[in-house]
Amino acid sequence: MKFRCLYLLLILFTFFGCQSRQPFHARLTIGVVSFGENEQLEEQYGELKGYLEKELNSIVEFEPTYNERQAVAQINTKAWDLVFASSGLAAIATKQSTYIPILPLEGGLNNRSIFVVAQDSPLKKLSELKGKEVALGQPGSATGYYFPLLNLYGLTLAKIRLAATPKQALEWIAEGEVAAAAMSLEQYNRYRTIVSGNRFRVLYQDTHSVPSGSILVSTSLPQIEQEALYNVLSSAPPMIPASVGYIANAEVPSYEELIKVIEKVIPITDNLQKQPVMLYEQPAEVPSQNDEK
């Protein structure tokens with residue numbers, strides 16, 4: 001009889017222990033931009049993956065994409081449940097109401113958008129890029145695409161090339177293929193030492209404050225699962241947020257001003273494939289009297 005009572009108590013504790021776990025579906029997909037550094041990122045996110053699997057009793061899949069363009073495609077189709085998004089991606093996702101920011105990523109002055117040139121370049125100011133070939137980042141990048149287009153607004157360039165990664169943009173400068181390239185200050189400091197020669201300088205630093213990125217949760221998930229993700233991430237042991245670069249129990253930034261920048265430059269993006277590249281809105285053609293007849 002004593003053994004039977006102990007057995008029933010064990011069943012009850014097991015049942016209520018399972019009930020106390022956060023409610024969640026069987027599989028969770030996390031998306032992040034890798035710039036080709038998949039192995040390093042998978043190692044970096046390893047502790048988070050294990051923590052979420054334990055707390056949510058769910059299989060967690062980590063899906064890195066090569067650059068922001070691919071990430072935008074995944075966001076548009078809601079392919080990811082959770083996204084570690086740069087500010088540009090976060091602004092796009094929130095504008096479309098497909099994802100909700102729940103926690104901020106680490107950021108700061110290193111998020112500033114800059115233009116980089118070769119150390120021995122004769123260029124001294126941004127306006128001197130007129131008639132030159134320039135490299136931008138991918139659509140979806142605030143510091144490599146949207147803010148640089150705002151800075152170049154009104155100029156006519158010979159050609160614009162979209163670099164797949166900040167490292168590729170620096171390589172194009174080193175090889176003399178472009179006169180300048182846009183990226184974030186953080187990316188510049190990270191990649192300039194591993195590109196041949198390491199002979200670069202900052203031509204221009206944007207004065208706009210770029211909001212930090214965010215962890216986004218898909219609106220496709222039921223609200224109870226969105227809340228479960230927030231609760232688990234915000235209460236994680238300190239080494240988890242530190243390892244992947246988010247701030248627990250902090251407010252997410254506003255992306256309203258960044259969305260305005262995106263909306264301002266979107267009309268000129270159709271011109272990027274043309275040569276020369278006219279980075280301003282051209283007036284609509286007025287039909288002639290002969291056309292009307």
Non-hydrogen side-chain atoms of Val277 and Leu272 separated by less than 4.5 Å: yes
Quick check: do Val202 and Tyr188 have side-chain heavy atoms less than 4.5 Å from each other? yes
Side-chain contact, heavy-atom cut-off 4.5 Å: Tyr230 with Ile215? no
Does NZ belonging to Lys78 count more than 12 external heavy atoms closer than 6.0 Å? yes
In Å and rounded to the nearest 0.5 Å, what is the OH to CG distance from Tyr204 to Leu152? 9.5 Å
Could you state the interatomic distance from CG (Leu203) to CG (Leu129), rounded to the nearest 0.5 Å? 5.5 Å
Identify whether Tyr66 and Ile75 are in the same connected component of the hydrophobic contact network (ILVMFWY, side-chain heavy atoms under 4.5 Å). no
Within 45 degrees of the axis of the six-membered ring of Tyr153 and under 6.0 Å from its centre: does Lys264 put its NZ or CZ there? yes
For a salt bridge (charged side-chain N to carboxylate O under 4.0 Å, His left out) check, start with the C-alpha distance between Glu256 and Lys260, then their side-chain angles and the critical distance, and finish with the verdict. CA-CA 6 Å; Glu256 290 183 9; Lys260 290 178 183 177; 5.7 Å; no
Under the side-chain contact (heavy atoms from CB on, under 4.5 Å) test, which residues partner Glu128, sequence neighbours left out? Leu123, Lys124, Lys125
Tell me, do Gln226 and Ile100 make a side-chain contact under 4.5 Å, heavy atoms counted? yes
Determine whether Gln205 and Leu185 make a side-chain contact, defined as any pair of heavy atoms from C-beta on separated by less than 4.5 Å. yes
Can you find a pair of side-chain heavy atoms, one from Leu216 and one from Thr98, that are under 4.5 Å apart? no
Tyr191 and Phe35 aromatic ring geometry - parallel, tilted or perpendicular at 30°/60° bounds: perpendicular
Taking the side chain as C-beta and beyond, is there a heavy-atom pair between Val60 and Ile30 under 4.5 Å? yes
Should Tyr255 and Ser214 be marked as a side chain to side chain donor-acceptor pair (under 3.5 Å) after you check the CA-CA gap, both sets of side-chain angles, and the distance that decides it? CA-CA 10 Å; Tyr255 296 108; Ser214 293; 2.5 Å; yes
Any side-chain heavy-atom pair from Val134 and Arg161 closer than 4.5 angstrom? no
What I want to check is whether the side chains of Asn111 and Glu186 have a donor and an acceptor closer together than 3.5 Å. no
In sequence, state the C-alpha distance, the side-chain angles, and the governing distance for Gln138 and Arg69, and then conclude on side chain to side chain donor-acceptor pair (under 3.5 Å). CA-CA 6 Å; Gln138 294 290 314; Arg69 183 190 292 272; 2.7 Å; yes
Can a donor-acceptor pair be found between the side chains of Gln223 and Glu227 at a distance below 3.5 Å? yes
